[in-house]
Amino acid sequence: MLRCFASLALCALLVSFVSAEDVTWLAEVATPPEEFALKANGSQAIDKPWPEQREAIRDEWKQFLGAYSYPDLPLKMETVQEEKLEHCTRRLIRYQAEPGRIVRAYLLIPHGDAPTKRPAIAAFHGTSTNTFDKLVGLAAEPARHMALRLVEQGFIVLCPENFLWEQSSYQKSTEAALKPHPQSKGMAVMLADCMRAVDVLLTMEDVDPQRIGAYGHSLGAKEAFYLAAMDDRVCAAVASEGGIEIGFSNWDAIWYLSDEVNAKDFQLKHSDLVRLIAGRPFLVLGGEEGRGCADGERSWKALHEGQKAWQANYPGPVRMGLYNHGEGHSLSMKSGDRILDWMNAYVKNRGENE
């Protein structure tokens, strides 16, 4: 009965996108190369109903990751500092991620009253000594200030700091974070922290729980990807240059999945995580080639698996695809515009025309 109820709840979550107004460029990013389009015409054997498949995939990944969460743990949230900007209040906060471990985050709240509860974004930063400073406008060029750009669109934005900077090196940070979780992977810590970020957003009276999105670039894209796959509270996501397949980036690092993914008998596939996102809009940004580049046309293989799951199990157009900007491992203002379009269409304006 509980499994049936969960399946019905998931269907209700996804149907609300049927009447949403799509981005004008959806066909551009959601149309796979011809070789994949041809494969889509073939028949597929169905082992079990999709809700059961979905649950099995998620359980298998949770077991591998050693996934954990603390949804009932008090946040003990406190404000460290606060400043008024042109479009928002930028607040540095601290909260309890798990027993004995505190996370810092920037919380950006638009000025003024909203007629309804606001949409929200959990935004995750890339690999940088400045951690979340780029996202919130305290470092780097304006194109990287995606949290500021999102809050200007009316989103409440939470930008947590990744645990990798809690110690003097990524290795030491991972060892410290995994000490209470010796059977877990570094990615399990990141996933738990991402889910905790959603918990924080849901404590805010002004946040609409049905309109929470996830965004990240590079390291942050990995987090947004896993969060969208493993947490149905996220209604849409954008992953910029994270490496959608395990072989596309340093997923074998100890702070991600470890070198277990290089074993000959390792069977799990990231394409199955993409399938878990099916039914909720998901956009990958790729730079194709260049130093550190993680996504591009090669990303279509995994994305097409997600598209097929969408076509087979959910109504409406497939809102899952690749924007290959071809600009390497970077984020331009133009790419940021695409991110804003996606979040406005599928988070902010979700279901408004029903």
Side-chain angles (χ1 to χ4, degrees), residues 2-3 6-7 9-10 13-14 47-71 98 122 124 162-163 174 177-178 181-199 214 216 219-237 239 242-280 282 284 294-295 299 301-310 312-314 320:
L2 288 176
R3 179 178 297 179
S7 299
L10 178 60
L13 175 77
L14 301 173
D47 298 328
K48 61 181 74 171
W50 173 238
E52 293 183 27
Q53 290 186 57
R54 195 173 187 274
E55 184 176 0
I57 292 169
R58 187 170 281 179
D59 286 346
E60 193 171 21
W61 270 97
K62 284 183 177 179
Q63 183 176 359
F64 168 70
L65 293 172
Y68 61 91
S69 63
Y70 294 95
E98 60 180 283
F124 305 105
N162 189 282
F163 79 90
T174 304
L178 290 181
H181 314 283
Q183 303 304 313
S184 296
K185 304 291 188 296
M187 200 64 216
V189 183
M190 295 189 195
L191 175 60
D193 284 358
C194 291
M195 295 176 73
R196 195 61 164 165
V198 177
D199 293 341
L219 160 64
K222 290 177 168 65
E223 295 179 281
F225 172 41
Y226 266 71
L227 177 62
M230 305 299 282
D231 192 337
D232 292 333
R233 296 176 299 177
V234 172
C235 69
I244 202 67
E245 295 269 26
I246 291 174
F248 292 179
S249 184
N250 61 332
W251 285 102
D252 58 355
I254 190 66
W255 47 90
Y256 293 132
L257 301 177
S258 82
D259 62 3
E260 287 185 36
V261 299
N262 296 324
K264 291 183 179 180
D265 59 349
F266 183 74
Q267 298 294 319
L268 298 181
K269 298 178 181 178
H270 266 181
S271 57
D272 281 335
L273 293 183
V274 181
R275 293 172 68 208
L276 291 179
I277 305 174
R280 291 167 292 150
F282 178 55
V284 170
D295 281 296
S299 305
K301 183 177 180 180
L303 286 169
H304 190 54
E305 290 301 310
Q307 290 188 330
K308 289 190 292 183
W310 191 311
N313 299 287
Y314 304 107
M320 177 178 281

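Residue numbers count from 1 along this sequence.
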Taking side chain as C-beta onward, heavy atoms only, is Tyr256 less than 4.5 Å from Leu219?
yes
Do Glu305 and Lys308 sit within salt-bridge range, that is, some charged N less than 4.0 Å from a carboxylate O?
yes
Smallest heavy-atom separation, Ala302 atom then Ile244 atom, equals CB-CG2, 4.1 Å
Taking side chain as C-beta onward, heavy atoms only, is Asp199 less than 4.5 Å from Arg233?
yes
From Asp232 CG over to Leu227 CG, what is the distance, rounded to the nearest 0.5 angstrom?
10.0 Å
Are Asp193 and Asn162 close enough that some pair of their side-chain heavy atoms sits under 4.5 Å apart?
no
Distance, nearest 0.5 Å, that separates CE of Met187 from NZ of Lys222
8.5 Å
Given the options Gln53, His270, Gln307, Arg275 meets side chain to side chain donor-acceptor pair (under 3.5 Å) only with Gln53
Please find the pair of heavy atoms, one from Ala229 and one from Arg58, that lie closest to each other, and give the distance.
O-NH2, 2.6 Å
If we only count heavy atoms from C-beta on, is the Val261 to Phe64 side-chain gap below 4.5 Å?
yes
Nearest atoms (heavy-atom pairs only) where Ala294 meets Gly243:
CB-N, 3.5 Å
From CG (Leu276) to CG (Asp231), nearest 0.5 Å
12.0 Å
Say whether, by atom type as modelled, one donor and one acceptor occur between the side chain of Asp295 and the main chain of Gly242 under 3.5 angstrom.
yes
Arg280 side chain vs Met320 backbone, donor-acceptor pair below 3.5 Å
no
Over all heavy atoms of both residues, which pair between Ala214 and Phe124 is shortest? Give the atoms and the distance, please.
CB-CE1, 4.4 Å
Would a 4.5 Å heavy-atom cut-off, applied to side chains only, mark Tyr226 and Cys194 as touching?
no
So, Asp59 and Lys62, do they make that salt bridge, N to O below 4.0 Å?
no
State, to 0.1 Å, how close Leu65 and Ala188 come at their nearest heavy-atom pair, and which atoms those are.
O-CB, 3.3 Å
Of all heavy-atom pairs linking Leu191 and Ala67, the shortest is CD2-CB, 4.5 Å
Would you call Gln267 and Glu60 a side-chain contact if the rule is heavy atoms closer than 4.5 Å?
no
Main-chain N/O of Ala309 paired with Asn313 side-chain donor or acceptor, under 3.5 Å
yes
Do Trp251 and Glu245 come close enough that some side-chain heavy atom pair is under 4.5 Å?
no
Suppose the criterion is salt bridge (Lys or Arg N to Asp or Glu O under 4.0 Å): which pairs have a residue in residues 250-260, not counting sequence neighbours?
Lys185-Glu260
Plane angle bin for Phe282 and Phe225 - parallel if under 30°, tilted between 30 and 60°, otherwise perpendicular
parallel
Can you tell me how far CD1 of Ile254 sits from OG1 of Thr174, rounded to the nearest 0.5 angstrom?
7.0 Å
Measuring from His181:NE2 to Tyr68:OH, what's the distance to the nearest 0.5 Å?
3.5 Å
To the nearest 0.5 Å, what is the distance between CH2 (Trp255) and CG (Leu178)?
12.5 Å
